[in-house]
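Once you've had a glance at the structure underneath, I'll fire off some questions.
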Amino acid sequence: MTFVFDPPAVPSVAVNGTDARLPVRRIFCVGRNYAAHAREMGKDPDRDPPFFFTKPADAVVDDGEVVAYPSETENLHYEAELVAVIGTGGQRIAEADALSYVWGYAIGNDLTRRDLQLKAREAGRPWDWGKAFDRSAVIGPVHDVASVGHPSNGFIRLSINGEVKQDADLNELIWSVPEVISILSHSMTLQPGDLIMTGTPAGVGPMVPGDVCRIEIAGLGQIDTRIGPRETGP
Ligand code: MN
């Protein structure tokens with residue numbers, strides 16, 4: 001078979017301790033998964049089933065890269081998140097088995113054009129323009145389960161230019177990683193290379209060009225992202 005033009009490169013993320021990279025298939029994101037963040041977004045935290053949105057696989061950005069301030073926003077936000085990386089595909093996965101489908105974990109930053117997201121939310125429209133833009137998913141090196149186990153507690157912390165903005169514990173997740181995997185897999189067939197961004201704690205806020213955003217999660221090290229000058233084209 002031939003293609004009428006060259007197919008795009010496979011999006012991928014770094015893996016801790018090796019030059020080999022992990023191919024990315026899809027990026028699923030959990031909305032409002034920490035109670036204090038739900039409240040700061042003007043919503044009641046509850047145990048209603050979690051809801052999801054997605055980002056394109058080729059939105060991934062490595063640790064240490066510069067991300068240009070994106071177009072069409074005046075309110076670019078950071079969101080520190082634990083990312084679970086699926087290594088084995090499956091559907092209708094039982095919660096008790098869910099962790100065996102995980103390849104590893106990474107630190108993520110769910111970059112958000114908050115003004116566009118809130119406008120869409122209020123109008124009952126999709127979140128894509130607020131969440132799924134170019135280079136909107138910073139994903140640090142993936143640590144395999146053999147090295148880090150399955151993190152379910154420990155700090156998750158974000159600072160801008162050294163000033164702490166988010167400081168919480170992974171044990172505050174409303175829906176745990178096994179619960180999220182089980183619920184997602186009853187809706188879609190999970191595949192190797194699917195990333196799940198598990199939600200952000202309270203303290204979200206804006207970044208401007210020149211800011212350096214650092215996220216640390218217990219056991220997973222840290223990642224840094226610098227915000228570059230505003231995009232000029234296309
Ligand atoms: Mn998020």
Side-chain angles (χ1 to χ4, degrees), residues 13 24 26-46 48-61 63 67 70 73 75-86 105-122 125-140 142 151 155-160 164-177 179-181 183-184 187 194-207 211 213-217 220 222-223 225 227:
V13 292
V24 176
R26 290 171 294 187
I27 306 174
F28 296 104
C29 308
V30 186
R32 293 197 286 272
N33 204 15
Y34 289 81
H37 173 62
R39 282 192 287 269
E40 77 179 349
M41 294 302 289
K43 299 292 177 186
D44 287 329
D46 47 39
D48 281 349
F51 69 93
F52 299 91
F53 58 91
T54 61
K55 292 174 185 268
D58 65 0
V60 291
V61 174
D63 170 35
V67 173
T73 185
N75 199 16
L76 174 67
H77 275 208
Y78 53 78
E79 295 191 353
E81 310 207 1
L82 173 69
V83 181
V85 179
I86 297 297
Y105 294 89
I107 299 172
N109 194 349
D110 169 14
L111 298 181
T112 301
R113 298 193 287 200
R114 189 72 73 198
D115 41 2
L116 300 191
Q117 182 210 3
L118 294 180
K119 210 189 293 180
R121 192 179 89 176
E122 276 143 34
R125 290 179 181 155
W127 285 14
D128 307 47
W129 260 232
K131 287 289 196 178
F133 51 95
D134 294 347
R135 295 174 69 72
S136 58
V138 184
I139 307 287
V142 182
F155 62 82
I156 174 168
R157 204 177 283 146
L158 180 147
S159 64
I160 299 294
V164 175
K165 301 289 190 181
Q166 294 185 288
D167 192 0
D169 195 290
L170 297 175
N171 66 17
E172 295 168 42
L173 279 170
I174 296 172
W175 295 94
S176 68
V177 170
E179 288 173 324
V180 166
I181 290 171
I183 292 165
L184 248 181
S187 189
D194 285 341
L195 310 185
I196 304 173
M197 303 188 79
T198 58
T200 198
V204 299
M207 296 182 289
D211 280 350
C213 180
R214 170 167 292 182
I215 307 175
E216 305 162 272
I217 293 181
L220 301 180
Q222 63 186 44
I223 65 168
T225 305
I227 303 304

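Counting starts at 1 for both ligands and their atoms, following the listed order.
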Which atom, among the N/O/S set of Asp110, is closest to the Mn ion (ligand 1)? OD2
Presence of salt bridge, Lys165 and Glu79, under 4.0 angstrom: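 Between Lys165 and Glu79 there is no salt bridge, as every charged N stays at least 4.0 Å from the carboxylate O atoms.
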Closest Glu79 atom to the Mn ion (ligand 1) [N, O or S only]: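 The atom in question is OE1.
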Which atoms form the tightest heavy-atom contact between Gly140 and Asp63, and what is the distance? CA-CB, 4.4 Å
Test: Arg39 and Asp44 ion pair at under 4.0 Å: no
Go through the side-chain N and O atoms of Thr198 and Asn33 and say whether any donor and acceptor fall under 3.5 Å apart.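 There is no such pair (donor and acceptor under 3.5 Å, judged by atom type) between the side chains of Thr198 and Asn33.
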Using only N, O or S atoms, tell me which atom of Glu81 is closest to the Mn ion (ligand 1). OE2
